[in-house]
Amino acid sequence: MLDINLFRESPEVVRDALARRGEDPAVVDAVVALDERRRAALTEVEALRARRNAESKAIGQVRDAVERQSRIEAMRGVNARIDAVDADLASIEAELQARLQQVPNLPRADVPVGASEHDNVVVRHVGDLPAFDFEPRPHWDLGPALGLIDFDRGTRLSGSRFYVLHGPGARLQRALIQWMLDTHAAGGYAEVYTPFIVREQCMWNAGQLPKFIDNLYHDAEDDVWLVPTAEVPLTNLHADEILADDQLPLHYVAYTPCFRREKMSAGRDVRGIKRGHQFDKVEMYKFTRPEDSPAALDAMLADGEALLQALGLPYRVVQLCTADLGFGSTITYDLEVWAAGCGEWLEVSSISDFGSFQARRAGIRFRRSRGAPTEFVHTLNGSGLGLPRTLIAVIENNQRADGTVAIPEVLQARMGASEIRG
RNA sequence: GGAGGGGUCGCAUAGUCUGGUCGAGUGCGCGCGUCUCGAAAACGCGUAGGGGUUCUGCUCCUCGUGGGUUCAAAUCCCACCCCCUCCGCCA
């Protein structure tokens, strides 16, 4: 959520930013108008309340029964007016909130303007694409052939877009998770284990609701939600807290499964394990002072890249243009790994600076010093990395002519093997 | 799942029965000051967050959350959330 003061003081900044995203800037005028109406109603109702409070206090002191009664009668009329203005105020506020919640974050000034994802900018390529003297197979062939991936049983258990990993497949995924967690921990991220089921408020705080309601799993009986990413519980870790300056920055890393309905992506990426309703992810998350977030973003990007480099996987860094930027993000870099079998660049990480957007929603503040005013922190998140796609890249890029797969050196100890054979 | 107790200003507590002088007392902690060569102790002062405004003033909201009763709610009523104790069940 954006700061309402931004709409009041520099509406043109918001308008420009929305236009760069390809969004309709008309919301700005609606918000400004609602804000003015809100403040007018607020001033009125508060004046009435002040009167009531003072008079009620006075009535408490009155001994004379007749006078007391007449003054109580008089206050009934004031109450009726308070109720009327209050009802008006409540509806104005509800609408203002609803509008504000729908406004995406403002892109950072250096984000390239674009009309669609085709305008995203490839910043750099790292690593050479593997060369094969045979036709590399996609993981949906190779996986079942090696007994690593079992699509049929996954579907039988849970429906389409579910799969089972067997033996070395399951073990490879676990090795990757553990290695990533250990690597980030060594890099200064504090490891946390969070609930995978959260209250509705957490979804609002993280910006998942109301926008992405169609993509979330919800349990109606207990009114709780399955996390679509560790970003949700991590954002909420410090919700409604006022942090001390010396606590910042806070760096966290968490492993969680992620649950997504994928209604919006029906028919996309249906083959293989690129896009499932359930997948695993290791997530990096930072809370920083506002002025520190740009550097923190660069560092997080480097931390994500370091994993791909250590795995020996070729990848490219893509900067999202304004049109493709996520709802709460000011700037985002995607890491896309090359998958030789399916011949695609797969997004394994999306690394973003959310500015104060989530912090404002979740009430995450800090104070620079004793007595200083509270300020919202900046939050950053990035996958480090998404599992199924990393798994795909490892398998497809390291396959050999005889159908076996070499295990990257950094994983061999955890795998207890240097290759996978059927 | 059954029975009971409880959530108050950083922490610990008073206040709730008997609604008004309670946005809230006390202790601890913390900050500033006095004293001191310095420190401790002692003493004094201060110490929640958010909003509106005709703004160094006035004012509104928040005593778990949301409603209700009332001229007036920390205090009475309802719903929900959370914590604790005991019983049952269970990984």
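Being a predicted model, the structure only gives us computed values, none of them experimental. Reminder, nothing fancy here: chain letters follow the sequence lines and each chain counts from 1.
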Selection from B:U53, B:G20, B:C71 that lies nearest to any side-chain heavy atom of A:R39: B:U53
Nearest to the side chain of A:A50 - B:G52, B:G49, B:C60? B:C60
Should [N] form a Watson-Crick or G-U wobble pair with both distances under 3.5 Å, which nucleotide is its partner?
N: B:U69; value: none
N: B:U53; value: B:G57
N: B:C80; value: B:G64
N: B:U21; value: none
N: B:G88; value: none
N: B:A39; value: none
N: B:A12; value: B:U26
N: B:C45; value: B:G31

How far does the [atom1] atom of [N] sit from the matching atom of [M], given to the nearest Å?
N: B:G52; M: B:U13; atom1: P; answer: 36 Å
N: B:C28; M: B:C55; atom1: C1'; answer: 37 Å
N: B:C77; M: B:G6; atom1: P; answer: 13 Å
N: B:C63; M: B:G7; atom1: C1'; answer: 10 Å
N: B:C78; M: B:A91; atom1: C1'; answer: 37 Å

Is the distance between the ring centroids of [X] and [Y] under 6.0 Å?
X: A:Y193; Y: A:Y255; result: no
X: A:F354; Y: A:H378; result: no
X: A:H251; Y: A:Y285; result: no

Is there a side-chain polar atom (N or O) of A:K57 under 4.0 Å from OP1 or OP2 of B:G23? yes
Using a heavy-atom cut-off of under 4.0 Å over every strand shown, decide if A:R367 touches base, sugar-phosphate, or nothing. sugar-phosphate
Using a 4.0 Å heavy-atom cut-off, does A:R68 contact any base of the nucleic acid, only the sugar-phosphate backbone, or nothing at all? base
Is A:R156 salt-bridged to A:D152, going by a charged N under 4.0 Å from an acidic O? no
Hey, are A:R400 and A:E419 close enough for a salt bridge, meaning a charged N less than 4.0 Å from a carboxylate O? yes
So, do A:T332 and A:I351 sit near enough that their side-chain heavy atoms are less than 4.5 Å apart? no
In numerical order, the residues of residues 71-83 of chain A whose heavy atoms come under 4.0 Å of RNA chain B are A:I72, A:M75, A:R76, A:N79
Rounded off to whole Å, could you give me the CD-to-P distance for the A:E46 and B:G50 pair? 16 Å
Parallel, tilted or perpendicular: which fits the ring planes of A:H277 and A:F162, with parallel below 30° and perpendicular above 60°? tilted
